[in-house]
Amino acid sequence: MAAKVDIDLVWAALRSTRAEAPAGIKGGRRKTYVAALEQAQQMFTAAANVGIATRPLLLFYGLSQGGRAIAAAAKQVSNNDYPLVGHGIKVNTSTLVGPVAKVQVYGDNTTAGSFTRLSKILNSPTWDGTAPVSLGELWNTLPEGSMFPLERSVGKVPLPVSVDEYSVLHQAQTASPVQLIVTGISADIMPPLQQTGPIPALEAFLGQYPKLAGHTAIYVKGVYPDGQGGTLNLAYPSSNSGYQERTAEALAHSTLYRLHDRYAFPAVGANTDSLHPVMAWWAVLFALSMLARYQPEAWADHIAVDSSKVAVPIEQLLTEALTAVPELLLQTIMDVSQ
């Protein structure tokens, strides 16, 4: 899990972009950027000062306004296409009365709603009501959510895995493939001893991570004595010849999460690509806000710590969101405005 970050500094960094808006945006677009960030900050500040009963409502709408700032800052988006209108995402209302993990979420692809349009800007896949994705699966795509899952699924559930570069001291300064270190792989997947060569179970597992496509396992360090997952070195076939350029290309193939961590994320549902983490948070917070808003009695039962097994996971995720989402907003605005 990421080191603790001073959230006041994150918001200060976001506020500093308002005097000199990114990508040189002007006029109404700049006003949208500034106003949306102000509203996002006020909603997150309010969310930090209320209980779990109402927090998801404020967090979702705070992220929604943050998404408008992202769209306004996106350099590749025209002045006609940056406005976000409507939710663009739905839940199967009949699933709101059952287990939280079974709530079904899907994008409204028939409209140019906010979820659909921002997903396109961030190259993130969407899905419609013919193949909804459960909240439990969406939950597991977030590093914070995977630490406190909503349910213990049968079988091996793909979770986010951490990605880093191999030490430059051990990296050949030639055109050979860059090595990336992947950690956080389940002990059930990793072999118990150091091993080279094909490992079918591991290769099948990595096949669930679109951003690891094209990588080859070249070294595996087995399960640690404490039972945690081992370390895997992957070779990324970069097209660049210089070490720095090759490393940058390889790392860019995975996803920068928040301001300091890089993860590869599993694909969700029938998609062949992974969700951008902003959109994963969007889907999760939307579903929780719908529960809190339209099923307040059931929501109260879900967050009752003395009787509900999902109360603590919900508490933890909604607390982590207070920091994780603003960090993601800042990182994503920097990314799309370049």
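Here, residue 1 is the first one in the sequence, and each next residue gets the next number. Keep in mind it's a predicted model, so treat the numbers as computed, not measured. Worth knowing before you read on, the calculation uses all heavy atoms, side chains too, and leaves out hydrogens, waters and symmetry mates.
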Subject >> Sole candidate of P277, P143, S274 that passes side chain to side chain contact (heavy atoms under 4.5 Å, CB included) when paired with P160 >> reply: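 Output: one option passes, namely P143.
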**OP:** Might you work through the side-chain contact (heavy atoms from CB on, under 4.5 Å) test for L59 and M43, ending with a clear yes or no?
**Re:** CA-CA 7 Å; L59 287 175; M43 288 179 183; over 6 Å; no
Taking atom types as modelled, find out whether [X] and [Y] have a side-chain donor-acceptor pair closer than 3.5 angstrom.
{"X": "T130", "Y": "Y106", "result": "no"}
{"X": "D81", "Y": "S78", "result": "yes"}
{"X": "E38", "Y": "Q42", "result": "yes"}

Original post:
Ion pair present between E151 and K309, side-chain N to carboxylate O less than 4.0 angstrom?
Top reply: no
**OP:** Taking only Lys NZ, Arg NE, NH1 and NH2, and the carboxylate oxygens of Asp or Glu, determine whether R55 and E315 approach each other closer than 4.0 Å.
**Re:** no
Any side-chain heavy atom of [X] within less than 4.5 Å of one from [Y]?
{"X": "L37", "Y": "I333", "answer": "yes"}
{"X": "W299", "Y": "P56", "answer": "yes"}
{"X": "L322", "Y": "I7", "answer": "no"}

To the nearest 0.5 Å, how far apart are [atom1] in [X] and [atom2] in [Y]?
{"X": "E137", "Y": "L275", "atom1": "CD", "atom2": "CG", "result": "9.0 Å"}
{"X": "H302", "Y": "I52", "atom1": "NE2", "atom2": "CD1", "result": "14.5 Å"}
{"X": "L317", "Y": "L288", "atom1": "CG", "atom2": "CG", "result": "7.0 Å"}
{"X": "Q316", "Y": "F148", "atom1": "CD", "atom2": "CZ", "result": "4.5 Å"}
{"X": "L96", "Y": "R293", "atom1": "CG", "atom2": "CZ", "result": "12.5 Å"}
{"X": "T319", "Y": "I314", "atom1": "OG1", "atom2": "CD1", "result": "11.5 Å"}

Under 3.5 Å, side chain of [X] to main-chain N/O of [Y], donor-acceptor pair present?
{"X": "N123", "Y": "S119", "answer": "no"}
{"X": "E327", "Y": "V10", "answer": "no"}
{"X": "R68", "Y": "A36", "answer": "no"}
{"X": "T323", "Y": "E320", "answer": "no"}
{"X": "Y209", "Y": "L159", "answer": "yes"}
{"X": "T95", "Y": "Q104", "answer": "yes"}
{"X": "R117", "Y": "P83", "answer": "yes"}
{"X": "T17", "Y": "L14", "answer": "yes"}
{"X": "N271", "Y": "V268", "answer": "yes"}
{"X": "R30", "Y": "P22", "answer": "no"}

**OP:** Decide side-chain contact (heavy atoms from CB on, under 4.5 Å) for L135 and L150; before the verdict, give the C-alpha distance in whole Å, the side-chain angles of both, and the deciding distance to 0.1 Å.
**Re:** CA-CA 9 Å; L135 178 55; L150 287 177; 4.1 Å; yes
Original post:
Stepwise, does the side-chain hydrogen bond (donor to acceptor under 3.5 Å, both in side chains) test hold for Q331 with R258?
Top reply: CA-CA 6 Å; Q331 180 63 54; R258 299 170 74 162; over 6 Å; no
**OP:** Hey, can you tell me if W282 and F60 have their rings parallel, tilted or perpendicular (30° and 60° cut-offs)?
**Re:** perpendicular
Original post:
So I25 and Y33, side-chain contact (heavy atoms from CB on, under 4.5 Å) or not? Walk me through it.
Top reply: CA-CA 9 Å; I25 57 177; Y33 178 82; 3.7 Å; yes
**OP:** Take T32 and Y82, measure what side-chain contact (heavy atoms from CB on, under 4.5 Å) needs, and give me the verdict at the end.
**Re:** CA-CA 10 Å; T32 295; Y82 78 86; 3.7 Å; yes
Subject >> Exceeds 12 heavy-atom contacts within 6.0 angstrom, atom CD of Q76 >> reply: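 Atom CD in Q76 is crowded, with more than 12 foreign heavy atoms closer than 6.0 Å.
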Original post:
So, do H87 and F286 have ring centers that fall under 6.0 Å from each other?
Top reply: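 Under 6.0 Å, so yes.
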Original post:
Strictly under 6.0 Å, is that where the ring centroids of F115 and W281 end up?
Top reply: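 Distance test on ring centres: not under 6.0 Å, no.
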Subject >> Candidate pair Y61 and S289, rule side-chain hydrogen bond (donor to acceptor under 3.5 Å, both in side chains), full reasoning >> reply: CA-CA 9 Å; Y61 283 104; S289 72; over 6 Å; no
